[in-house]
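The structure appears right after this line, and notes come after that.
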Amino acid sequence: MKFSLTRPVGCLLLSSAMSLVMSVLLLGAVQAQTPVATALTPPAQRLSDPVIQADQKGYDAVQQRIRALNDGGRRLRDYHLSKAQCWLDVSFHEYTRNDRSAFPQEALGEAEKLILAMEGGQALSHDTALVNGAERLRPDLWALARSVRQGPGAECAQAKVACAEVELVHAGNEFRQQQWRHAKPYIQIAEDLIAEAQAQADACPKPVVLVPPPPPSAPTPLTCPPDPLPQLPAEQLRLGLKVYYPTDRHTERDINPPGTAEMNALVQKLTAPGLVYEAIHLVGRADLRAPADYNRTLSGKRVRTVRDYLIKHGIPAERITEEALGADEPLMVCDRKTQATSLYDACLQSNRRVDVYVNGARRR
């Protein structure tokens with residue numbers, strides 16, 4: 001799949017009045033560079049580490065475009081930015097599960113369509129494509145998601161709604177390929193996201209409407225000081241990141257370069273004037289190729305490395321809490337029996353990380 005944008009700048013047609021022969025002079029045309037969608041390696045060719053790594057770089061490049069949109073001012077809870085992220089996430093999830101259908105490619109394409117439109121400042125639709133022929137399951141959830149997205153407090157619930165709609169497509173794809181048993185987990189995710197979206201919408205601060213007082217009928221010698229204006233609620237922020245490590249590594253120099261850059265960006269946000277937060281919670285994780293005690297110890301070392309890095313860059317130690325889960329609650333469930341070695345290794349990579357959660361972050 002490719003996307004193409006062509007923008008002719010101008011052309012000039014000259015005609016001669018002295019004869020019946022017309023001359024056409026093209027003075028200039030400029031064609032914009034055509035953005036090409038990320039093409040994943042065909043499933044039958046995903047047999048070697050270099051191929052898997054090339055696809056991983058493609059995913060990383062799309063992720064960086066999403067981050068650049070956020071850095072440019074588009075908020076993380078924006079509906080379309082969140083939807084692009086969720087399309088990217090489900091594509092990568094199914095890729096690591098060795099989905100041999102067109103779903104990973106088509107889901108990635110939906111993410112890039114949204115990214116391209118946002119980058120170009122184009123009008124954006126709220127439609128959700130049923131990629132790869134996915135079934136439209138649970139019409140009641142689709143209707144509820146639309147109701148929350150369009151109802152009161154919708155500005156606080158856009159991200160959850162966007163991801164719920166994508167997960168419904170994810171479930172529909174699993175149902176088409178492997179029926180209900182494989183669709184159930186993603187329907188449950190969609191149900192939970194819509195419930196959380198409704199709660200966010202209900203708790204969303206109502207806009208403050210200031211009504212000017214009527215003009216006085218006659219000048220008065222005494223005037224009382226005006227009542228103070230009601231203070232607007234502080235802007236709530238969602239801050240956090242994932243810091244990835246290579247196998248069996250935990251030191252600062254082992255952190256992947258994008259993780260170091262994102263930690264620096266997070267520190268800048270946390271130390272910026274006007275930002276307040278309650279706590280930073282670090283959750284360390286490891287993969288499944290070692291005993292449980294070893295994994296738990298390793299994930300604790302990874303947490304301590306991130307903690308020391310934050311403290312070194314000005315974050316108060318008393319604000320930081322830690323948790324080492326080892327191989328418990330993995331982001332991806334990896335199966336050596338059903339996945340090729342390269343896919344299995346790529347799947348495990350997502351579980352070697354430290355999650356950083358900033359609780360109660362808000363801007364005054």
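What you see is a predicted model, and the numbers here were worked out from it, not measured in a lab.
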Side chain to side chain, [X] and [Y], heavy atoms closer than 4.5 Å:
{"X": "I315", "Y": "T271", "answer": "yes"}
{"X": "I52", "Y": "T41", "answer": "no"}
{"X": "P246", "Y": "R352", "answer": "no"}

TODO: Just do the side-chain contact (heavy atoms from CB on, under 4.5 Å) check on I255 and T305 with the steps written out, would you?
DONE: CA-CA 9 Å; I255 297 173; T305 296; 4.3 Å; yes
Least distance between heavy atoms, [X] atom then [Y] atom:
{"X": "A84", "Y": "A111", "answer": "O-CB, 3.4 Å"}
{"X": "Y245", "Y": "R302", "answer": "OH-O, 3.3 Å"}
{"X": "A164", "Y": "A190", "answer": "O-CB, 3.8 Å"}
{"X": "L266", "Y": "G240", "answer": "CD1-N, 4.4 Å"}
{"X": "A197", "Y": "K160", "answer": "CB-CB, 3.6 Å"}
{"X": "E165", "Y": "T128", "answer": "OE1-OG1, 3.5 Å"}

Task: Contacts of type salt bridge (Lys or Arg N to Asp or Glu O under 4.0 Å), residue E135, not counting sequence neighbours - done: none
Task: Set of residues satisfying salt bridge (Lys or Arg N to Asp or Glu O under 4.0 Å) with respect to E278, sequence neighbours excluded - done: none
Open item on the list: Checking side-chain contact (heavy atoms from CB on, under 4.5 Å) between L88 and each of V166, I115, I66, which is the one that passes?
Closed with: I66
- [ ] Using the rule that two of Ile, Leu, Val, Met, Phe, Trp, Tyr join whenever any of their side-chain heavy atoms come within less than 4.5 Å, decide whether L241 and L325 are in one cluster.
- [x] no
Open item on the list: Applying a strict under-4.5 Å side-chain criterion to I, L, V, M, F, W and Y, I'd like to know whether L310 and V358 cluster together.
Closed with: yes
- [ ] Please find out if less than 6.0 Å separates the ring center of H182 from that of F175.
- [x] no
Task: For E252, the option from K312, R307, K301, R304 that meets salt bridge (Lys or Arg N to Asp or Glu O under 4.0 Å) - done: K312
Open item on the list: Is it the case that atom NZ in K57 sees more than 12 heavy atoms from other parts of the structure closer than 6.0 Å?
Closed with: no
Open item on the list: Taking CZ in R249 as the centre, count heavy atoms belonging to other residues, nucleotides or ligands within less than 6.0 Å. Is the count above 12?
Closed with: no
Scan side-chain atoms only and decide if [X] and [Y] contain a donor-acceptor pair under the 3.5 Å cut-off.
{"X": "N264", "Y": "Y309", "value": "yes"}
{"X": "Q63", "Y": "Q85", "value": "yes"}
{"X": "Y95", "Y": "D55", "value": "yes"}
{"X": "D248", "Y": "Y294", "value": "yes"}
{"X": "Q158", "Y": "S82", "value": "no"}

TODO: Begin from the C-alpha positions of I280 and Y357 and carry the test side-chain contact (heavy atoms from CB on, under 4.5 Å) through to its verdict.
DONE: CA-CA 6 Å; I280 301 172; Y357 301 100; over 6 Å; no
- [ ] For the pair V90 and E167, evaluate side-chain contact (heavy atoms from CB on, under 4.5 Å) and give the outcome as yes or no after the intermediate values.
- [x] CA-CA 8 Å; V90 298; E167 288 296 344; 3.6 Å; yes
Task: Verdict with supporting geometry, H250 and L298, side-chain contact (heavy atoms from CB on, under 4.5 Å) - done: CA-CA 7 Å; H250 63 86; L298 178 60; 4.0 Å; yes
TODO: Over 60° means perpendicular and under 30° means parallel, so classify the ring planes of H170 and F103, tilted if in between.
DONE: parallel
TODO: Output all residues satisfying side chain to side chain donor-acceptor pair (under 3.5 Å) with Q177, sequence neighbours left out; order by chain, then residue number.
DONE: D99, S101, N173
